[in-house]
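The structure appears right after this line, and notes come after that.
In the text below, chain A, chain B and the rest are named by the order of the sequence lines, each starting its count at 1.
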2 protein chains.
Amino acid sequence: MVTRAMARAERRNRLSRERVLRAAVDQADAGGLDELTMRKLAEVLEVAPMALYRHVANKDDLVDAMIDAVFAEIDLPSADGDWRTAMHGRAISVRDALARHRWAIGLMESGTNPGPANLRHHDAVIGSLRAGGFDIANAAHAYSLLDSYIYGFALTKMNLPFEGSDEIADVAQEMLAPFPEGEYPHLMEILTEHVMLPGYDYGDEFEYGLDLILDGLERVRATA
Amino acid sequence: MVTRAMARAERRNRLSRERVLRAAVDQADAGGLDELTMRKLAEVLEVAPMALYRHVANKDDLVDAMIDAVFAEIDLPSADGDWRTAMHGRAISVRDALARHRWAIGLMESGTNPGPANLRHHDAVIGSLRAGGFDIANAAHAYSLLDSYIYGFALTKMNLPFEGSDEIADVAQEMLAPFPEGEYPHLMEILTEHVMLPGYDYGDEFEYGLDLILDGLERVRATA
DNA sequence: CGTTCGATGCGTACGTTGTACGCTTGTGGT
DNA sequence: ACCACAAGCGTACAACGTACGCATCGAACG
């Protein structure tokens, strides 16, 4: 009997791949990938460092599994219904997942060892495009374009040195402080007369670009 | 006199920030960021590890400087002439620089400690857009969209598990091997009937998406 | 109930990394 | 000829990933 044994294992604080994975993701969410060390992870789990290696081949294996766990959090686009709303929804879903797990940005597309959730996700995206009327070549184009934009946006947004609109002024000041005034006039202009205005949120740019891209893709699809 | 002293220093194999930087970039180009180690770097320069620290505050400082060196390699878009050709050219230039320095992808937009070349580059991009007729808000939109796409494309392309079109078949086979056949039909279709066709090069996707985005931006600019 | 055996956890140890600290050596200016 | 400062180095340490082999424990079986 497996269930009986597993249940007991669960009841006690038995280690398991799942527990290690969850703790690792939490760790990385909290402090970035740098804070994820096997030793600290073991400490959180109240276990000796080497105990982890019964459930994980090595750190790379762990990280691969973590990435697939993030993919599993992303809503799959449906193949029926409007392709455009499906793509829009999946873009938002990816963005949100990456916002929850900033450490994953830059690793998600790591071609090496794609996990099942990764493959299923991409399969569903292509399926949705094909069902929406894109031929193979255009589905490939759309897929590449959308993915590049989504991950690129996450990347640039992640690296922004400010979080809310309040801190922007301070950060901008500090960033430009070492340089002579008037050295970067256009940067200065866009900062003072756009970015620093109340109500600005860089996150809003995401849907703007997404819609522009989806408009372009619809045009391609219609004339194919 | 500074020049005299500097000249002598140059003539001999004196260490300098420039020399350290160049060697570090070479090292990273060759083997990725993981291969860039203060100790190996010192070895290449025929110097003791700690000697480096006279010219570099620490490894992070070194990496920041390396990133700015990459920015310095990128052609600045001109503010006069067609905005569209300027943007197209700078996109290609960024792509090429990132192809030469794959380790830099994912770090380029690191908001912390932007160097002068970085700021000058972004200032020129915004300047070119403004001169091309974009108002402030639309320049911000265009800037965000283009940057996201360019970096995102570099990111996804970098992580592709294959290099030329020859290896694709093998890699695809290996990647899908652990999973039941027919599990990912759309992925399979696009691989066998598009990606694996002779003449396919993922790099070609870049200009396709770029043109689609530029078309969209032109439409925005015209109706603003 | 006693034995056995595989799964799980752990202690120790090693090689590699970044880098703090203070000494040594060489060099340009006086 | 001297000196002061810059440049390079030797030693040392803490933190990391992880190889290797032993200890332990619970389930299954006789």
For the pair made of CZ in A:R14 and C1' in D:dC25, what is the distance, rounded to whole Å?
9 Å

Nearest-Å distance for atom pair NE2/P, residues B:H55 and D:dA7
6 Å

Ring centroid separation for B:Y151 and A:Y151, is it under 6.0 angstrom?
no

Indicate whether the side chain of A:R19 and that of A:H55 have a donor and an acceptor atom separated by less than 3.5 Å.
no

Which word best sums up how the rings of B:Y200 and B:H194 line up, parallel for under 30°, tilted for 30 to 60°, or perpendicular for over 60°?
perpendicular

Rounded distance in Å - CD (B:E43) to C1' (C:dT17)
14 Å

Measure the acute angle between the ring planes of B:Y143 and B:H122, then classify it against the limits of 30° and 60° as parallel, tilted or perpendicular.
perpendicular

Looking only at C:dT19, D:dC9, D:dG17, the nucleotide nearest the B:A48 side chain is D:dC9

For A:R54 and A:D34, take the nucleotide of DNA chain D holding the closest heavy atom to each; which residue's nucleotide lies nearer the 5' end?
A:D34

Between atom CG in B:L36 and atom P in C:dT16, what is the gap in whole Å?
17 Å

Please report, rounded to the nearest Å, how far the C1' atom of D:dC16 is from the CG atom of A:L52.
14 Å

Between C:dG9, D:dG8, D:dG17, which one does the side chain of A:M38 approach most closely?
D:dG17

Expressed in angstrom and rounded to an integer, what is the separation of A:K59 atom NZ from D:dC16 atom P?
9 Å

Between C:dT8, D:dC16, C:dT19, spot the one nearest the side chain of A:K40, thanks.
D:dC16

Between D:dC16, C:dT19, D:dG17, spot the one nearest the side chain of A:Y53, thanks.
D:dG17

In terms of the angle between their ring planes, are B:Y184 and B:F179 parallel, tilted or perpendicular, with boundaries placed at 30° and 60°?
perpendicular

Nearest-nucleotide comparison on DNA chain C, the residue closer to the 5′ end among A:R39 and B:A57:
A:R39

Taking CZ from A:R19 and C1' from C:dT8, how many angstroms apart are they, rounded to a whole number?
13 Å

In terms of side-chain heavy atoms of B:M50, which of D:dG17, C:dG9, C:dC21 is nearest?
C:dC21

Specify the separation, in whole Å, of atom CD of A:E35 and atom P of D:dG17.
11 Å

